[in-house]
Amino acid sequence: MPRKPTINLQVPADFDLRRDVCSYGYFLLAPNYWDPHSGTLWRVFSLSSGPLLAHIAQPKGAGEKLRVTLSGTLAAKVRTQFIQQIARMLRLDESTQQVRAFHRLDPRFKKAGRARLFRSPTLFEDIIKTVTSCNVQWPGTISMNKRLCEVVGNRISVTLLGTKAPTAHAFPTPQQLAKVRPATLRARCRVGYRDQRLVELARLFLRSPTRGGIDQVAMEDPATTDDALFKTLVALPGIGPYAAANIMQLLGRYARVPLDTESVRHGKSILGYTGTSAQVMKQVHMHFEQFKEQAFRSYWFEMWQHYESKHGPAWTWERDTTGRLFTAAHLK
DNA sequence: GGTAGACCTGGACGC
DNA sequence: GCGTCCAGGTCTACC
């Protein structure tokens, strides 16, 4: 069997693949496939050269290099693009100092080392995934992402590490999604009324910022204020206050907490708040204000800890069983 | 500025 | 197996 290309990737000293991949629900969404038995991640990446299957492991444990096995060789330029995508997804670009800053404000998570939140290799995928998580229960989000990959994304069928890969489709690119008819998305991907909005978002990614397109550089620029970014995000189709706040945390801005029905359940069951949903939401908001620019991480890891207390460590969750049930809606 | 209702799907439930 | 109800965030119309 021909040997597949491998990249050994240096990570920050605190990085733990099992803990840091399984830190946010997106690790359960296609095209990601977390294998709880081996503690490794499979994923098809969309690169300028086409789809590429990767298997990511950390064989020597936390803090040690990642071993990334690929389905094909990469030219130097594409290799750089690939490493940028992995770094974004795993938040390897977040420094140990930034992790310490979080633990200074909220020491509860210092011992476990929780700080990094898994996200997507691209902002485009993060935004589309956020829209598929709105106004739907978690199994619906899982289903929409799976179908989007299968119906619209590139397919790659290869054997890697002597086994058939558990994932064979890439996430759709903006170019691919922009060309799909909304009716096709609705009928085959079951995205419902989100059909037109998803296509419009993809088109906005293709359009230049000077012609009203999405200005990704400005969104990722630390000089852009939180308020300006929020205003830009809520102006996008399908993005309201909840989705905008969630996209902001995915961009590394943790001051705003995306409050939803899950937050209300958390406020009632864990924080002991009472009253109407609006009253509980207000109390949850005030509770997390104490964590200032780290509010979202405190909020999220508090909820995550609760999920794990019910279902065991997230890295043991199977996508098609526990992974479908982990939200508070199923913990009642 | 605040509120009500439609949007759409999948799951739960009753028959 | 079928019909009904409900959860979920965004958007629009209306007050």
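In what follows, every chain begins at residue 1, and chains take the letters A, B, ... in the order their sequences are listed.
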| Which of parallel (below 30°), tilted (30 to 60°) and perpendicular (above 60°) describes A:Y273 and A:H287? | perpendicular
| query | Where does the angle between the aromatic ring planes of A:W304 and A:Y307 fall among parallel (under 30°), tilted (30 to 60°) and perpendicular (over 60°)? | reply | perpendicular
| task | Find the distance A:L198:CG to B:dT9:P and express it as a whole number of Å. | result | 13 Å
| task | Return the value, rounded to whole Å, for the distance between atom CD1 of A:I142 and atom P of C:dG8. | result | 16 Å
Minimum-distance nucleotide (side-chain atoms of [X] versus [options]):
{"X": "A:R265", "options": "C:dT10, C:dA7, B:dC8", "value": "C:dA7"}
{"X": "A:R147", "options": "B:dG10, C:dT10, B:dT9", "value": "B:dG10"}
{"X": "A:P241", "options": "C:dT10, C:dG9, B:dC8", "value": "C:dT10"}
{"X": "A:Y193", "options": "B:dT9, C:dT10, C:dG9", "value": "C:dG9"}
{"X": "A:Q137", "options": "C:dA7, B:dC8, C:dG9", "value": "C:dA7"}
{"X": "A:N135", "options": "B:dC7, C:dT10, B:dG10", "value": "B:dC7"}

| task | Report yes or no: is the cationic atom of A:R43 (NZ for Lys, CZ for Arg) under 6.0 Å from the centre of the six-membered ring of A:Y33, at an angle within 45° of the ring normal? | result |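 Ring-cation test returns no.
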| request: Could you tell me whether the phosphate oxygens of B:dC7, OP1 or OP2, come under 4.0 Å of any side-chain nitrogen or oxygen in A:R194? | output: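 For A:R194, the contact criterion (side-chain N or O under 4.0 Å from OP1 or OP2 of B:dC7) is not met.
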| message | With nearest nucleotide decided by heavy atoms, which residue, A:S143 or A:R197, maps closer to the 5′ end of DNA chain B? | response | A:R197
| message | Taking A:Q176's backbone N and O only, do any of them form a donor-acceptor pair with A:T173's side chain (distance below 3.5 Å, no angle check)? | response | yes
